[in-house]
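A quick write-up on the structure given underneath.
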Amino acid sequence: LIGCPLFFCMEGYNYNMRRENENEIRERTEEWLDERRMIAENFPERHQEKAYYEGGLKAAEMLGYSWNYKNGRHTLYK
C-alpha cells in the first residue's frame, strides 16, 4: 500500500487539513485505484497486484470511505 495516497493520510493525518487537500488526495486515490485495478485485471497471474489493489480498497474503508466502481472509474465518498 506504499503507493496509495490514502495510506499517507493514515500515518500522519492532520485534522486541520484544508478541504481542497482532502479532495485532492481523494481524487489521486481514485486514480491510483483505477490504475491498480487495470493492472490486476491485465495480469491475473500476478496475485500480488490483486492483493495490492484490494489492500488499497480496505485502507479506504478503514478511513471511513465507501467506494463505487463504474465504467472503469472508482469513486470514493464518505
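- Here the straight-line distance linking atom CD of Glu30 with atom CG of Asn68 works out to 10.0 Å at 0.5 Å rounding.
- Taking the six-membered ring for Trp, His74 and Tyr53 have ring centres closer than 6.0 Å.
- Screening residues 64-73 for salt bridge (charged side-chain N to carboxylate O under 4.0 Å, His left out) gives Asp34-Arg73 as the qualifying pairs, with residues at least two apart or on separate chains.
- A pairwise comparison of heavy atoms in Gly56 and Leu33 identifies C-CD2, 4.1 Å as the closest pair.
- By the 6.0 Å and 45° rule, Arg37 stacks over the aromatic ring of Tyr69.
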Applying salt bridge (charged side-chain N to carboxylate O under 4.0 Å, His left out) to Arg26 and Glu22, what does each step give before you reach the verdict? CA-CA 6 Å; Arg26 190 192 77 251; Glu22 188 175 330; over 6 Å; no
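- With sequence neighbours excluded, the residues satisfying salt bridge (Lys or Arg N to Asp or Glu O under 4.0 Å) with Glu49 are Arg36, Arg46.
- Qualifying salt bridge (Lys or Arg N to Asp or Glu O under 4.0 Å) partners for Glu31, counting only residues two or more places apart in sequence or in other chains: none.
- Lys58 is linked by a side-chain hydrogen bond (donor to acceptor under 3.5 Å, both in side chains) to Glu61, counting only residues two or more places apart in sequence or in another chain.
- Of the inter-residue distances, the one linking Leu57 atom CG with Thr29 atom OG1 reads 11.0 Å to the nearest 0.5 angstrom.
- For Phe43, there are no ring-ring contact (aromatic ring centres under 6.0 Å, His included) partners at least two apart in sequence or on another chain.
- Exactly one residue among His47, Gln48, Glu54 makes a side-chain contact (heavy atoms from CB on, under 4.5 Å) with Lys50. That residue is Glu54.
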